[in-house]
Amino acid sequence: MKKPIHELVVPQVLRLQSYVPGKPIEEVERELGIHAIKMASNENPLGPSPKAVEAIIRFLPQANRYPDGSGYYLREKLATRLGISMDEIILGAGSTELIELVARTFATPADEVVSSEGSFVMYSVAAQEVGAKLLLAPLRSHTYDLDAVAERLSERTRVVYLANPNNPTGTMFPADAFDRFLRRVPDDVLVVLDEAYYEYVESPNYSRSLDYVRERRHLLVLRTFSKVYGLAGLRIGYGIGHPELIACLNRVRSPFNTTAVSQVAALAALDDAEHVAKSLANNRAGLRALSEGLMTLGATFLSSVANFLLVFTEESAEEEYEALLRQGVIVRPLRKFGYPRAFRVAVGKPEENEKFLEALKTVRQARSSRVGRVRAT
Ligand SMILES: *Cc1c(COP(=O)(O)O)cnc(C)c1O
């Protein structure tokens with residue numbers, strides 16, 4: 001071979017900054033030799049629905065068979081649940097696969113993709129993968145500024161990605177703000193409304209997601225089984241949109257993108273209303289406990305409608321992240337999300353929330369005595 005392999009790679013891939021996921025528990029325990037708890041990836045701390053676990057085990061002897069690539073039964077159940085038709089639903093290996101599928105289906109290097117700063121990194125990754133130009137509007141008061149997003153639309157814009165609630169800020173935009181925004185967006189721009197935390201939001205003015213799908217052909221709502229349903233490890237999510245849009249996305253989707261195991265698990269999880277209710281109750285209580293604990297510590301944080309909190313740090317995000325890690329608590333430093341002085345902590349079980357607050361207290365006390373010593377000398 002005359003050329004080194006990296007010279008053969010397409011240019012947009014070389015420019016790609018890859019997604020850095022939260023640190024796995026096993027890695028921390030291996031490296032530091034301590035017991036760790038993970039509050040870095042907004043997972044359901046109660047685990048999957050026990051019904052889903054049973055369904056998975058019952059299914060495993062058939063794992064030699066290819067999955068139903070169309071996910072018939074899961075789409076059927078979702079359609080019934082949502083009061084829409086099956087051909088308005090596409091399944092993905094997590095909703096992040098659908099984020100990428102959208103970019104591959106609708107954007108080329110000649111096109112533009114618009115989203116926001118301080119939001120989910122996968123939107124940028126998806127745009128960069130296809131070489132599209134990415135425009136990011138600034139946040140306003142740590143919330144999506146839909147006017148600023150609309151101002152960045154041009155004739156070249158093909159896709160707009162919006163996270164509602166937003167990750168990592170935990171903030172949301174209300175339905176009427178989105179209505180106004182949609183009126184400003186030309187029909188030929190695909191609006192992707194990422195509602196990964198949909199189930200957690202209690203605000204009555206949150207989202208009229210399905211109305212938007214009914215009213216607009218070129219709009220995709222994303223939901224996932226990774227968060228409240230506790231199936232992040234199985235990789236399954238879905239998109240809701242007009243049948244024509246779904247049909248186009250299906251052309252690009254690989255035929256067996258979701259596994260048979262994830263499909264049966266998702267089906268069972270949908271039927272476990274009790275586990276969802278328990279998870280939501282744990283989250284509500286956890287958000288309150290964390291907020292109260294953070295206030296007691298004098299920490300600054302954003303109030304959240306999802307299952308995590310953005311906490312501002314006094315030193316760099318990495319320093320506090322590393323210090324917390326040494327206390328056995330994994331959070332997510334947010335520099336890559338546009339917050340160099342903040343981390344994100346996911347709501348855990350009551351004892352995990354307490355351990356996190358204890359760890360943060362230790363870390364901040366150690367720092368203030370260090371800073372105090374430096375000042376005194
Ligand atoms: C967690 C999350 C998702 C879900 O990703 P999956 O691929 O479904 O696990 C999607 N969007 C945002 C903004 C998220 O925070």
Side-chain angles (χ1 to χ4, degrees), residues 18-22 24 38-45 48 52 71 74 78 89-103 113 115-127 129 136 139 142-144 149 159-173 191-201 206-207 209 220-240 249 253-254 257-259 261-263 265-266 269-270 279 283 302 304-310 331-332 334 336-339 343-347:
S18 50
Y19 182 81
V20 184
K38 187 178 175 194
M39 301 172 87
S41 301
N42 306 345
E43 296 146 343
N44 185 335
L74 180 53
L78 284 168
I89 300 174
I90 182 171
L91 303 182
S95 47
T96 47
E97 189 199 21
L98 300 174
I99 292 169
E100 294 179 280
L101 212 59
V102 160
V113 170
S115 187
S116 177
E117 289 170 1
S119 187
F120 198 43
V121 179
M122 279 310 296
Y123 309 145
S124 309
V125 171
E129 272 173 3
L136 298 178
L139 291 173
H142 307 289
T143 305
Y144 262 70
V149 173
V159 182
V160 175
Y161 291 108
L162 308 170
N164 197 34
N166 184 34
N167 173 8
T169 57
T171 52
M172 61 162 246
F173 50 80
V191 177
V192 178
L193 190 57
D194 183 348
E195 298 187 334
Y197 303 94
Y198 175 84
E199 294 84 358
Y200 291 103
V201 183
Y206 164 44
S207 179
S209 335
L220 186 70
V221 173
L222 296 180
R223 305 262 176 90
T224 184
F225 287 95
S226 296
K227 303 287 154 63
V228 81
Y229 291 106
L231 298 177
L234 293 184
R235 313 303 307 125
I236 187 152
Y238 58 101
I240 311 165
L249 293 171
R253 180 178 68 81
S254 90
N257 65 327
T258 63
T259 66
V261 176
S262 68
Q263 290 176 26
L270 279 176
S279 304
N283 193 63
L302 300 179
S304 166
V305 299
N307 67 342
F308 56 85
L309 287 168
L310 183 150
V331 297
R332 188 68 164 273
L334 294 179
K336 285 256 160 80
F337 288 73
Y339 283 92
F343 65 79
R344 191 187 66 202
V345 60
V347 172

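One-based numbering, in listed order, for ligands and for the atoms of each. Positions are given from 1, in the same order as the sequence printed here.
The minimum heavy-atom distance linking K227 with N44 is given by the pair O-CB, 3.3 Å. Between T169 and G118, the shortest heavy-atom distance links the atoms CG2-O, 4.3 Å.
When atom types are taken as modelled, the side chain of Y200 and the backbone of N283 share no donor-acceptor pair closer than 3.5 angstrom.
Scored by the side-chain contact (heavy atoms from CB on, under 4.5 Å) test, A52 finds S49, L231, A265, A268, A269 as partners (sequence neighbours excluded). Applying the salt bridge (Lys or Arg N to Asp or Glu O under 4.0 Å) test to E43 and every residue at least two apart in sequence or in another chain returns K38. The salt bridge (Lys or Arg N to Asp or Glu O under 4.0 Å) test applied to R344 returns no partner, not counting sequence neighbours.
Listed by chain and number, residues touching ligand 1 at under 4.0 Å (heavy atoms only) are G94, S95, T96, F120, Y123, N167, D194, A196, Y197, T224, S226, K227, R235.
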